[in-house]
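Keep in mind that the numbers below use all heavy atoms, side chains included, and drop hydrogens, waters and symmetry copies. Please read all numbers here as calculations on a predicted model, not as lab measurements.
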Amino acid sequence: MAATRLISLHHVKTKSVTQCLKRCIDYVRDEKKTEDEKYISTYGCDPKTIVGEFLLSRKIYEDNVRRPHKKDVIAYQIRQSFKPGEITPEKANEIGYDLAMRFTKGRHAFMVATHTDKHHIHNHIVFNSVSIDGKSRFRNFYFSGLALSRISDILCLENNLSVIQSRYEENIRNKNSKRHRSGNRALDQNSLSFLVDIEKKMREGKGRGYENWARKFNLKQRAKVLLFLEEHGISSYEELVKKTDSMEADIDVLNEKIKARNTAMKENKELQKAIIDYSKTRSVYTEYRKCGYSKKFYAEHEDEIERHKAAKKIFDTVSSGKLPKMKELRDEYGELLAVNKTDFQEYVRMRKEKKDFLIARKNLELLLEREKAEEREKAKAKQSRSSRSETSL
C-alpha cells in the first residue's frame, strides 16, 4: 500500500527561483534522511548539478516559448509513503523511479530520494515543471492526483504490495456516475476493474443498497474478464499466468535498455561539464602551477582549482584516451534521448497492457476461488439433506 500526494512548488516573491528550488532539493536529498544519499536516483540530470540543469531547461523555455506568469510553478514534488515493514529502501526507490517515469512519460528530469528516518519508508520525487528539451511545461490537470495514485497502485500490485482497495471502489462509483450523466458507455463496456469483496464490506457496515450495487458490478466485471480472455485467446488460468510472466520478462529487458542509456546520458553530461569547466579554469590552474602551488593562491582560487582537478579526473576515465568534441557529445546525447523517448513510450504501452492482464488475473483468481467455495457449500448441503433423509427412515 502506498499513499501519494502531488505538490506544486511555486516561486516565492521574496526569494529567487534558484533559492526556492535549492531549498526543496536540499531537503529532499538530506544525508540524514537518505543514509548519506545512498537511496537517490535521477533521470535526465545529475544529483550534483540538478538545480542548474532544471534552470537551464527553464531558461530555454522562457527564451523560446514564453515568460513565466505570476503564480509560476518551478517544479513538482511527489510524496509516496509505503506501509511500515512492507518494503525495503532499495525497492521503494526503484518503484519511485518507475512512478516518476510513467507519470512524466520520460519528458521531465527528476530526482527520487527515499527517506528512511521515519517509521514508514517514503519517497520524495522532484521533477522539473519544464520538459528536458525546454519546449513544453507539465500540465497539471484536474485529475492529476488521481492518475498519480492509480499508477502507484498498479506498481504496488506488480511488486506484490498491498493497495488501498477502497480508493478503487470510490473511483469506480464516481466514473459510473459520470458516464451515466454523459451517456458515454464505451469505456464502461471495455475497461476492467477489481471485483468488490462484498462480504468484507457488509461486515464493515455497508447497507443493502451497496450490496445490490456491488453484486451487479461484480457480474459485469465477471463478463468483462471472460470477454477479455476470449479476445486474447486465453482459455485457462495457467495460460493467463504464463502470459503475464512473459510480459514481465519483456518489460524488464526494455527497462534495462532504458536504464543503460540513462547511464550513458549521465556520463555524457558529466563529460560535457568537465570540458566546459576545464576550459574555464585552465588559465587559473596554469597560474597556480607557475606560482609553485602556493597555498595563498589556492585559498583565493579554491573553487576553480578543484573544478579543474575534477575535470581532469573525468578525462582519465575516457577509454579511448581522446576527448570527443562538444558537438559530438551533444549529438550523441540527443540521439540517446530520442531513442529513450521512443522506448519509454513502448514501455508505458506494455505496462498499460500488463495492467489489464494483472487485473484480469486477480479477478479470475477470485472467481475461481468463489466457485470452489460454492461447490463446497453445495456438497455440504447435499450431505446434510442425505443425513436428514436417512434419519427419518
Side-chain angles (χ1 to χ4, degrees), residues 1-10 12 20-48 50-51 53-54 73-129 138 140-141 143-168 170-171 255 258-259 262 348 351 355 358:
M1 178 185 73
T4 57
R5 184 183 177 191
L6 180 63
I7 305 168
S8 303
L9 176 62
H10 291 272
V12 180
C20 293
L21 188 56
K22 187 176 184 301
R23 181 183 178 185
C24 176
I25 295 295
D26 287 346
Y27 172 79
V28 166
R29 65 183 301 173
D30 189 332
E31 295 179 355
K32 295 179 181 178
K33 300 177 184 294
T34 59
E35 298 184 21
D36 295 326
E37 300 189 6
K38 180 180 179 182
Y39 303 116
I40 288 181
S41 57
T42 58
Y43 168 76
C45 59
D46 184 272
K48 297 178 181 177
I50 183 172
V51 174
E53 292 184 64
F54 273 31
V73 177
I74 304 170
Y76 292 88
Q77 183 181 166
I78 298 171
R79 293 180 186 174
Q80 184 186 33
S81 302
F82 296 92
K83 183 178 180 181
E86 192 175 52
I87 196 170
T88 64
E90 293 85 356
K91 193 64 178 177
N93 191 267
E94 180 184 328
I95 291 176
Y97 186 95
D98 285 343
L99 174 63
M101 283 292 282
R102 295 191 201 183
F103 189 63
T104 66
K105 297 180 173 60
R107 296 170 185 165
H108 299 256
F110 61 77
M111 169 187 282
V112 183
T114 303
H115 289 191
T116 60
D117 58 320
K118 304 292 184 182
H119 71 286
H120 64 287
I121 292 172
H122 58 284
N123 287 326
H124 287 267
I125 305 167
V126 180
F127 67 90
N128 198 353
S129 60
F138 177 79
N140 187 9
F141 56 96
F143 291 108
S144 289
L146 176 59
L148 177 67
S149 67
R150 286 186 65 83
I151 296 171
S152 177
D153 286 346
I154 290 165
L155 283 166
C156 286
L157 282 171
E158 292 172 355
N159 289 276
N160 297 317
L161 301 174
S162 58
V163 296
I164 305 174
Q165 187 68 27
S166 60
R167 183 157 64 198
Y168 279 104
E170 181 181 354
N171 294 342
N255 191 33
I258 293 172
K259 286 183 178 180
N262 285 338
V348 171
R351 283 291 192 184
K355 179 202 74 171
L358 282 172

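- The aromatic rings of F127 and H108 sit perpendicular, their planes meeting at an angle over 60°, well past the 30° parallel limit.
- Contact record, A109 with G44: CB-O, 3.7 Å, taken as the closest heavy-atom pair.
- A donor-acceptor pair is defined here as one N or O able to donate and one able to accept, closer than 3.5 Å; no such pair exists between the side chain of Y76 and the backbone of L6.
- Counting only heavy atoms from C-beta outward, the side chains of D46 and E53 approach each other to under 4.5 Å.
- Between H124 and Y27, the distance separating the two ring centers is shorter than 6.0 angstrom.
- Separation of atoms OG1 (T116) and NZ (K33) is listed at 9.5 Å; rounding is to 0.5 Å.
- Under the side-chain hydrogen bond (donor to acceptor under 3.5 Å, both in side chains) test applied with N123, the options T4, N93, T114 reduce to a single match, T114.
- Annotation: side chain of K32 is not in contact with side chain of D117 (no heavy-atom distance under 4.5 Å).
- Taken to the nearest 0.5 Å, the CG atom of L9 stands 10.0 Å off from the CZ atom of F54.
- Note: Y97 and F110 meet the aromatic proximity criterion, with ring centroids under 6.0 Å apart.
- The heavy-atom pair separating H120 from S81 by the smallest distance is CD2-CB, 3.7 Å.
- Two residues are said to be in side-chain contact when any heavy atoms from C-beta on lie closer than 4.5 Å; I95 and Q80 meet this criterion.
- The stretch residues 95-113 participates, sequence neighbours left out, in these salt bridge (Lys or Arg N to Asp or Glu O under 4.0 Å) pairs: R102-E158.
- The minimum heavy-atom distance linking A2 with D153 is given by the pair O-OD1, 4.1 Å.
- Of the inter-residue distances, the one linking I50 atom CD1 with I25 atom CD1 reads 4.0 Å to the nearest 0.5 angstrom.
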Inset, instruction - Dump the intermediate steps for side-chain contact (heavy atoms from CB on, under 4.5 Å) on L148 and L99, then the final yes or no. - result: CA-CA 8 Å; L148 177 67; L99 174 63; 3.7 Å; yes
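- Of the inter-residue distances, the one linking E90 atom CD with I121 atom CD1 reads 8.5 Å to the nearest 0.5 angstrom.
- T104 contributes atom OG1, which lies 8.0 Å from atom CD1 of I78 (distance to the nearest 0.5 angstrom).
- Counting only distance, with no hydrogens or angles, the side chain of S129 and the backbone of V73 share a donor-acceptor pair below 3.5 Å.
- Going from atom CD1 of I40 over to atom OG1 of T34 covers 4.5 Å, rounded to the nearest 0.5 Å.
- Counting all heavy atoms, side chain and backbone alike, M101 lies closest to I258 at CE-CG2, 4.2 Å.
- Taking every heavy atom of both residues into account, F103 and S144 meet most closely at CE1-O, 3.7 Å.
- Between A75 and L21, the closest heavy-atom pair is CB-CD1, 4.1 Å.
- A search for ring-ring contact (aromatic ring centres under 6.0 Å, His included) contacts involving Y39 returns nothing, not counting sequence neighbours.
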